[in-house]
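Taking it in order: structure first as structure tokens, then the write-up.
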Amino acid sequence: MPKFFDRIASEYKGGVAHQFLLHFNVHDLARDAAYGYLPMLYYLMEQLNASGCDLVIGYSPSQGLIWPSVDRWESVQKSLGFPPQEADKANPPRTVINSKVVHEKLHEDTFITGKLPPGDELRKNLDNLLHQGRAKVGLVINFVEKIVPNAELTTFEKERLLFLDTFQHWAMDLGMRLQKHIVLLVTSNLAEVHQALTKNADMPTIEIPFPSYQERLEFIEYLMNLPIPDNPVEDTRFHTPVTLAPGISKEQFARDTTGA
């Protein structure tokens with residue numbers, strides 16, 4: 001598990017916080033022990049599933065409601081020749097909760113459907129969901145800067161003001177903490193999020209860093225060890241293993257891709 005999520009897990013289990021603001025390298029891949037490399041949003045949702053949440057959902061202003069789909073992503077990986085590493089096969093896939101079924105069993109006023117914009121209806125539904133008292137909820141909100149941007153409050157529409165107030169209330173809501181809900185607000189640029197959240201003592205700010213040298217080396221080895229398709233004529237995506245240029249070692253390539 002990446003170190004940044006270790007901190008989330010530690011502070012969450014210790015009762016320090018249940019809502020976190022994640023920033024920086026939020027569009028990368030992260031390695032899950034059971035499913036291999038996942039896009040960050042799906043990685044975060046899977047970690048909430050692994051933490052025992054009964055219902056895990058994501059949201060972004062452009063996509064609307066997002067259900068966990070690690071099974072689908074696993075199929076995509078396999079179709080591209082990206083099976084889990086041998087080391088990962090020792091960790092059997094975790095039970096994937098049928099979130100839609102769980103959600104439909106909750107009271108109808110908590111149900112969220114479609115591509116709701118970040119307005120009053122979405123805010124009320126999310127708030128109701130986090131206060132229904134029946135299911136432990138894991139919620140990941142992507143591109144939070146598009147909902148509560150770092151701008152003067154006098155320029156905010158009513159819906160943005162209410163969302164800002166709701167996020168602040170969630171962070172200090174002891175009822176949510178007792179129900180073991182966990183909320184992750186995600187942005188690539190912390191400076192674009194309103195300061196009422198970035199400076200909120202009840203909501204830890206956690207940086208997702210660039211991969212370390214060791215993590216980059218492991219990913220390079222992973223790519224170099226991809227299997228050749230059984231039928232290269234039908235599968236034109238990978239005819240030969242991934243190789244490096246002559247004279248470039250995997251260690252050198254890992255050092256050269258630091259991103260600094």
Side-chain angles (χ1 to χ4, degrees), residues 1-28 30 40-41 43-53 55-61 65-66 112 118-120 122-133 135-153 156-209:
M1 179 182 293
K3 291 182 179 180
F4 80 86
F5 207 89
D6 279 342
R7 182 184 166 193
I8 294 174
S10 175
E11 297 198 14
Y12 171 67
K13 291 178 181 178
V16 176
H18 57 271
Q19 181 167 293
F20 301 85
L21 179 58
L22 281 56
H23 69 103
F24 193 47
N25 189 31
V26 299
H27 302 303
D28 207 342
M40 189 62 69
L41 174 62
Y43 171 81
L44 294 173
M45 295 172 75
E46 176 53 27
Q47 301 320 298
L48 299 187
N49 176 39
S51 298
C53 291
L55 171 67
V56 178
I57 57 174
Y59 176 82
S60 77
L65 187 68
I66 303 167
I112 308 168
D120 202 44
L122 173 70
R123 182 188 59 81
K124 288 180 178 178
N125 282 338
L126 289 176
D127 194 59
N128 287 338
L129 180 63
L130 291 168
H131 291 92
Q132 37 70 35
K136 177 181 173 181
V137 177
L139 172 63
V140 182
I141 298 181
N142 212 4
F143 299 104
V144 69
E145 75 279 3
K146 297 183 183 299
I147 302 175
V148 284
N150 190 13
E152 293 292 333
L153 291 179
F156 271 32
E157 300 172 352
K158 178 184 176 182
E159 289 80 3
R160 294 189 187 278
L161 284 172
L162 289 173
F163 251 114
L164 182 60
D165 179 75
T166 297
F167 287 148
Q168 291 176 288
H169 177 72
W170 286 354
M172 65 180 75
D173 191 327
L174 294 180
M176 284 177 55
R177 190 166 302 183
L178 289 173
Q179 292 176 41
K180 300 296 184 181
H181 299 325
I182 181 168
V183 178
L184 305 180
L185 307 181
V186 182
T187 180
S188 58
N189 189 351
L190 198 62
E192 294 182 358
V193 180
H194 198 276
Q195 294 183 22
L197 299 186
T198 61
K199 297 182 178 180
N200 190 324
D202 293 304
M203 182 169 49
T205 299
I206 296 179
E207 178 182 297
I208 300 178

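Heavy-atom basis, side chains included; hydrogens, waters and symmetry copies ignored. Quick caveat: nothing in here was measured; it's all calculated off a predicted structure.
Annotation: side chain of Ile147 is not in contact with side chain of Leu185 (no heavy-atom distance under 4.5 Å).
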Exercise. Could you walk me through whether Phe4 and His23 pass the ring pair (Phe, Tyr, Trp, His ring centres under 6.0 Å) check?
Worked result: CA-CA 11 Å; Phe4 80 86; His23 69 103; over 10 Å; no

Exercise. Going through the checks in order, is the side chain to side chain contact (heavy atoms under 4.5 Å, CB included) test met by Met203 and Val183?
Worked result: CA-CA 10 Å; Met203 182 169 49; Val183 178; over 6 Å; no

Problem set entry | Stepwise side chain to side chain contact (heavy atoms under 4.5 Å, CB included) check, Ile208 with Asp28 | CA-CA 9 Å; Ile208 300 178; Asp28 207 342; over 6 Å; no

Exercise. Given the rule in the side chain to side chain contact (heavy atoms under 4.5 Å, CB included) test, do Met40 and Leu22 qualify, once you have shown the distances and angles that lead to the verdict?
Worked result: CA-CA 11 Å; Met40 189 62 69; Leu22 281 56; over 6 Å; no

Problem set entry | Derivation of the side-chain hydrogen bond (donor to acceptor under 3.5 Å, both in side chains) call for Asp173 and His181 | CA-CA 10 Å; Asp173 191 327; His181 299 325; over 6 Å; no

For this session: Would you sort out whether Val140 and Asn142 count as a side chain to side chain contact (heavy atoms under 4.5 Å, CB included), showing the intermediate values?
Result: CA-CA 6 Å; Val140 182; Asn142 212 4; 5.5 Å; no

For this session: Go through the steps to decide whether Gln168 and Asp165 satisfy the test side-chain hydrogen bond (donor to acceptor under 3.5 Å, both in side chains), and finish with yes or no.
Result: CA-CA 5 Å; Gln168 291 176 288; Asp165 179 75; over 6 Å; no

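Rounded to the nearest 0.5 Å, atoms CE (Met45) and CG (Leu139) are 9.0 Å apart. Asp120 CG to Asn125 CG: the interatomic distance, rounded to the nearest 0.5 Å, is 9.5 Å. In this structure, Ile141 CD1 and Leu126 CG are separated by 5.5 Å, a value rounded to the nearest 0.5 Å. To the nearest 0.5 Å, the span separating NZ on Lys146 from CZ on Arg160 amounts to 10.0 Å. Summarising the geometry, atom CD1 belonging to Ile182 is positioned 6.5 Å from atom SG belonging to Cys53; distances are rounded to the nearest 0.5 Å.
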Between side-chain atoms of residues 186-193 and protein atoms elsewhere (two or more places apart, or another chain), which donor-acceptor pairs fall under 3.5 Å?
{"from": "Thr187", "atom 1": "OG1", "to": "Glu145", "atom 2": "OE1", "distance (Å)": "2.8"}
{"from": "Thr187", "atom 1": "OG1", "to": "Asn189", "atom 2": "N", "distance (Å)": "3.3"}
{"from": "Thr187", "atom 1": "OG1", "to": "Asn189", "atom 2": "O", "distance (Å)": "3.3"}
{"from": "Asn189", "atom 1": "OD1", "to": "Ala191", "atom 2": "N", "distance (Å)": "3.1"}

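In this structure, Pro118 and Glu159 approach most closely via the heavy-atom pair O-CB, 4.4 Å. Taking both residues in full, the closest heavy atoms of Tyr43 and Ala30 are given as CG-CB, 3.5 Å, listed atom of the first, atom of the second, then distance. Of all heavy-atom pairs between Gln19 and Ala171, the closest is NE2-CB, 3.8 Å. Nearest heavy atoms, Pro204 versus Ala17: CD-CB, 3.4 Å. Considering every non-hydrogen atom in both Leu65 and Tyr59, the closest pair reads N-CD1, 3.9 Å. In terms of heavy-atom proximity, Arg177 sits nearest to Val16 at NH1-O, 3.3 Å.
Ring geometry for Phe167 versus Trp170: interplanar angle over 60°, hence perpendicular rather than tilted (30 to 60°).
Taking a 6.0 Å sphere around NZ of Lys136, one finds it holds more than 12 heavy atoms contributed by other residues, nucleotides or ligands.
Applying the side-chain contact (heavy atoms from CB on, under 4.5 Å) test between Leu21 and each of Ile206, Leu184, Thr205 identifies Thr205 as the sole match.
Shown here are the side-chain contact (heavy atoms from CB on, under 4.5 Å) partners of Leu153, two or more places apart in sequence or in another chain: Phe156, Leu161, Leu164, His194.
Residue pairs that meet the salt bridge (charged side-chain N to carboxylate O under 4.0 Å, His left out) test with at least one member in residues 9-24, sequence neighbours left out, are Arg7-Glu11.
Between Arg123 and Asp127 there is no salt bridge, since none of the side-chain N atoms of the basic residue sits less than 4.0 Å from a carboxylate O of the acidic one.
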